[in-house]
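Report on the structure given below.
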Amino acid sequence: MALQDYTNDMFGCSRCSLCKWIPQNQVKSWRFAKGCPSMDRYHFHAYSGSGRMIMGMSMLDGRSELGDAVAEIIYKCQLCGACQVACMAVRDDIDLGDVLLEERARCVEEGFLLPEHMEFIESMKREDNTLGMRKADRGNWAKGLDIPDINLERVEVLFHAGCRYSYDEDLMETVRNAVALLKKGGVKAGIAGRDEACCGGRAYETGYQGEMKKYADDMAGRVKASGAAMLVTPCADCYYTFKYLYPKNGISLDVEVLHITELADRLIRAGTIKPKRAVPMKVTYHDPCHLGRRGEAYRGGWSGENKLDRPIRFKQSGEKGVFEPPRNIIRSIPGIEFVEMERIREWSYCCGAGGGVLEAFPEFAGWTARERMEEVASTGAEALVTACPWCVRVFQDTIRETGSSLKVIDVTELLMRSLGGK
Amino acid sequence: MISKEAVRELEHALGAEFVSCEPAVMDGYAYQPTHAEILGLETKWCPYRPVAVVLPHTTEEVQAVVRICNAHKLQFKALSTGWGIWNAPGSDNVVQIDLRRMDKLTIDTKNMIAVMEPYVSGAQIQAEGMKSGLNVHMVGCGCHASPLASATSLMGPGCSGITTGYSPRNVLGVEWVLPDGEILRLGVPGQGNDEWFYGDGPGPSLRGIMRGTLGACGGLGVFTKCALKLFPWPGPAQPKVEGVLMDAKVEIPGTHSSFLCFLPNLSRFADAFYKISNAEIGYFMGKHAITGALLAGCMPRAYKNLVKSETVRSILTALQNTFVIILCGRTQREYDYQHKVLKQIIADCEGFMLNIGHVPLLHSMLWWGFIRNSLPPAIFRAGGRFTTAFGGFETIDQAVFQSKIGAVIKQELIDSGDMMDDLADNSWGGLYEGSSCLAHQEELAIFDPREPKQNEGVNKYIDKAMEASTKYTITPGIGFGGGGAVPHMLGPLIYNYHHWLLQIKETLDPGNSADPSFFIAPEAEKEKYLRDYARRRPQVARLVEDILAADKKRSDVP
């Protein structure tokens, strides 16, 4: 699909501007009513979901040209999907998120590239990861863990760590905790170690759609070779790629794909693991966009012409994302006081890291994280619990910059504290 | 065109980050499809693109922008939440002032007043007000719209009007940057500031000059602050709501319930409105054509199939004269009283009513959808867009008469295959100011702008509605479309109100720097506006020529 294939979606926009807010039913205060970080930071209509569609129409109609300034607007967006949720509350015929993806693809096709994005694309091509690290070091995070290597033996579950968890030293403990959790739950999981590669999702999101294909094929081959019936990842970005981008592009992994929180929730509910140790702490939970609304499995596949006639089951409205499993885990831990923010679930506010923003516009990423941290502070929580390495990264960086006393904890790590560590 | 010098001055006043002349950015303000068809405009791109877009943060910055525009012979046009064709620039010389960065809100609980800047939404005010047992009047288009814009510059009816008045009547004070850049403050700010005193100012109504019936749509300057009256909210401080709209699950107080009231014909429908208005019961009340917009919005695909069945059509048609009323009691006794009175009224009017409270999920969706006013945009689900006609503030009988005419016109167009079938009667409207018996009914029509035939059909509908309006001298409503030319055409039919508008415009804005295109064309531009309008709507060409000929005759008199 190309941008022009979404002409009807774009022209459907009535410019009502609902895309700038969280769904109106959920507005609980003046302070936390808005939903689009890009709009909140830059204000011109062009930065909203509607404005981005209007820009697309403007270019297709020859009223304006794609240039550096327009490309910058297109890329100053985390692709968090909040606009799509708000729009789809009242519309069935606009796939806003897909329009945003196609505008980026057009930028790449026409050569309007951001150096910071090219850097990680080059890194992917060279080293199979987005972080500019050596491929040979990819499996180092698992050193000392007694976990099967799928290159040597077949497994029931393939554990895919993802680029950020594989290389970010601050986060390695989290991914090691995840493996320990699997072991405690009796899950026979294996890893690909240094042979694991990027899922390709970030390339697709930044407009390099073709790049994802080879990673998807590679991933499908690895899953098949492992003999696994289940693919588990602790990375929300990878999860979204497996659940949405691959199927949207006709790529099937032919296994059940779970986020680590979904599996942990299952294990708790089955009584296989029991959080017993109290963790006395007041916490709130931040829904990662890629696990929440954008983690909703691909619901497309409808081939009609007029989306007004498209059955609702095909509507990617975000409410079937992963929301309850991480909350169930938190609630299962003794001693925890769990409080919710106002913007949660499919109307959650973004952390700021997605869509290539962290790499290309770190100031904007930090601004967004600070906005979210103010909402955390309004709850009185001492810790923000989340389930995505990119969210954790940007929050930790922002905490360091601002001197905030807020703690950021991955839900897996929190669970392991209650389970009594490794 | 805008000069580099003017851009430099704007950047100096606001900061370069808040000024844009990028075509793709400015096109975000040149695409205002909603209700463009009413003016005979293309439903995609507006005729004009702004020459620059600016984002002021304070009243003083707005003032600076206005003064720069005056100095450089540019016009300006402000918008807040910015939905609708009236936000669009009306010439090729307009600086668009996007007030998005002005979004402060203060609630004065004791005096029941909200003081807001332009980019505060109805939902935000309601959410904060409810925490103190207060609510704001919600504009019919939805809670994401700006109450300031509605109260100062547009029409502003909404179905909570039975207990919350309507926007123009609720203005207790404004901060207003006049077309020459002077700042005028009127009325009460609700913050103990001695500079502003009381609601309407001394002497004749300043609100009438400031906004009239339909509002000046930016044609008299920029409103940067507004004090609005709040009203008691007899419900929870923060209703517990799950879901985003159609999937809503809400804890509804036991002393609240919603009713669908069916009347046998429009006459009895109007009777019920009068009786309810006089009985002073109900918290929310409005006609939402259950067989049209509401059903089509809630279940668009099923609706399209249902209306194909003659049997179902006959049932739906029999149920067309329907309204929704929500009763909210502070106590069980109060609720019981209201319920008893409602039952009696409906029985007296030979109707029947359904308590939606017996269908919990539907009640959740409707109760909060109506109270929060999040439901109106769901009308998009059926066709993608909608238009409106008629809808002046009137007596109940006249309002109902307007919807009846609208339905007749639409039925003809549906029969000829020119319009989407919504069973013709698709009007919405409510009662305003409690027992005043003031009402309005707009006759909506759903259409898909991507279907050329439906675009044509909608244009035919507007043409015929305009014709009917002039024939029956119906009071101006949103369906008249405003527009700089329209008052010159309708004025002679309606007490020559255009003379007043002209005098106000030319007194406050002799330089015509505030874009007049959705208010009234000044005398010097009248011919251009009228001829433009006649070009877009040929059926008024004769009327336009008559007006211009009469003008010429008058000017020829020594």
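Chain naming here is simple, since letters A, B, ... match the order of the sequence lines and numbering starts at 1 in each. The basis for the numbers below is simple: all heavy atoms, side chains too, and nothing from hydrogens, waters or symmetry mates.
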Return the option, out of B/Val54, B/Leu105, B/Ile371, B/Asn373, with the maximum number of heavy-atom pairs under 4.5 Å with chain A.
B/Leu105
Heavy-atom pair count under 4.5 Å with chain A, highest-scoring of B/Phe380, B/Trp45, B/Trp368
B/Trp45
What residue in A/Leu66, A/Val70, A/Asn8 has the most heavy-atom pairs under 4.5 Å with chain B?
A/Asn8
Short side-chain to backbone donor-acceptor contact, B/Arg385 and A/Cys13, under 3.5 Å
yes
Parallel, tilted or perpendicular: which describes the rings of B/Trp83 and B/Phe386, with under 30° parallel and over 60° perpendicular?
perpendicular
Tell me if a side-chain donor or acceptor on A/Trp30 pairs with a main-chain N or O of B/Asp103 at a distance below 3.5 Å.
yes
Looking at chain A, which one of B/Met130, B/Arg381, B/Glu22, B/Glu451 has the largest number of heavy-atom pairs inside 4.5 Å, strictly under?
B/Arg381
Against chain B, label A/Ile22 side chain, backbone, both or neither, depending on which of its atoms sit under 4.5 Å from a heavy atom there.
neither
Would the distance check show the side chain of A/Gln316 and the main-chain N or O of A/Asp95 forming a donor-acceptor pair, the cut-off being under 3.5 Å?
no
Give, for atom CZ of B/Arg100 and atom OG of B/Ser80, the distance between the pair rounded to the nearest 0.5 Å.
12.0 Å
Bottom line for A/Met88: the part with an atom under 4.5 Å from chain B's heavy atoms is neither
Could you measure the distance from the CD1 atom of B/Ile252 to the CH2 atom of B/Trp367? Nearest 0.5 Å is fine.
6.0 Å
Of the backbone (N, CA, C, O) and the side chain (C-beta and beyond), which part of B/Pro377 lies under 4.5 Å from a heavy atom of chain A, both, or neither?
both
Among B/Ala24, B/Pro376, B/Gly369, B/Gly297, residue most engaged with chain A (heavy-atom pairs, under 4.5 Å):
B/Ala24
Please walk me through it: do A/Glu319 and A/Arg299 pass salt bridge (Lys or Arg N to Asp or Glu O under 4.0 Å)?
CA-CA 12 Å; A/Glu319 83 279 7; A/Arg299 296 165 80 177; 3.6 Å; yes
Would you compute the distance between atom OG1 of B/Thr81 and atom CZ of A/Arg15 and round it to the nearest 0.5 angstrom?
9.5 Å
Side chains of A/Val357 and A/Cys77: closer than 4.5 Å at any heavy-atom pair?
no
Residue by residue, scan residues 119-127 of chain B and write down, ordered by number, those that have a heavy-atom distance under 4.5 Å to chain A; if none do, write 'none'.
B/Tyr119, B/Val120, B/Ser121, B/Ala123, B/Gln124, B/Ala127
Verify, without hydrogens or angle tests, whether A/Arg91 (side chain) and A/Gly12 (backbone) share a donor-acceptor contact under 3.5 angstrom.
yes
Any ring pair (Phe, Tyr, Trp, His ring centres under 6.0 Å) pairs touching residues 34-53 of chain A, not counting sequence neighbours?
A/Tyr42-A/Tyr47, A/Tyr42-A/Phe364
To the nearest 0.5 Å, atom SG of B/Cys226 lies from atom CD of B/Glu117 at 11.5 Å
Greatest number of non-hydrogen atom pairs under 4.5 angstrom with chain A, of B/Gly142, B/Gly84, B/Ser374, falls to B/Ser374
Please state whether the side chain, the backbone, both or neither of B/Arg372 comes within less than 4.5 Å of a heavy atom of chain A.
side chain
Toward chain A, the part of B/Lys104 with a non-hydrogen atom under 4.5 Å
backbone
With chain B as the partner, which of A/Asp61, A/Asn25, A/Val90 has the greatest number of non-hydrogen pairs under 4.5 Å?
A/Asn25
What option among A/Ser58, A/Ala46, A/Pro23 has the most heavy-atom pairs under 4.5 Å with chain B?
A/Ser58
Applying a strict 4.5 Å limit to non-hydrogen atoms, the region of B/Ala145 in contact with chain A is neither
Could you tell me which portion of A/Asp40 (side chain, backbone, both or neither) has an atom closer than 4.5 angstrom to a non-hydrogen atom of chain B?
both
With only heavy atoms counted, which part of A/Arg345 is less than 4.5 Å from chain B, the side chain, the backbone, both or neither?
neither
Would you check if the side chain of B/His57 reaches a backbone N or O of B/Arg101 as a donor-acceptor pair within less than 3.5 Å?
yes
Heavy-atom closest pair, residues A/Leu96 and A/Cys87
CD2-CB, 4.3 Å
If the contact rule is any heavy atom under 4.5 Å from chain A, which residues of residues 26-34 of chain B qualify, in numerical order?
B/Asp27, B/Gly28, B/Tyr29, B/Ala30, B/Tyr31, B/Gln32, B/Pro33, B/Thr34
B/Lys131 with B/Glu128: basic N within carboxylate O range, under 4.0 Å:
yes
Most contacts with chain A, counted as non-hydrogen pairs under 4.5 angstrom, among B/Asp98, B/Asp448, B/Ile379:
B/Asp448
Identify which one of A/Arg327, A/Arg343, A/Arg372 satisfies the salt bridge (Lys or Arg N to Asp or Glu O under 4.0 Å) criterion when paired with A/Asp287.
A/Arg327
Indicate yes or no for a side-chain donor-acceptor contact from B/Gln96 to the backbone of B/Val53 under 3.5 Å, with no hydrogens or angles considered.
no
dist A/Met55:CE -> A/Leu3:CG (nearest 0.5 Å) comes out at 10.5 Å
Going by salt bridge (Lys or Arg N to Asp or Glu O under 4.0 Å), name the residues that satisfy it together with A/Arg370, two or more places apart in sequence or in a different chain.
none
Using non-hydrogen atoms and a 4.5 Å limit, figure out which bit of A/Trp347 sits close to chain B: side chain, backbone, both or neither.
side chain
Could you tell me which of A/Met39, A/Met53, A/Lys20, A/Arg52 has the largest number of non-hydrogen atom pairs under 4.5 Å with chain B?
A/Met39
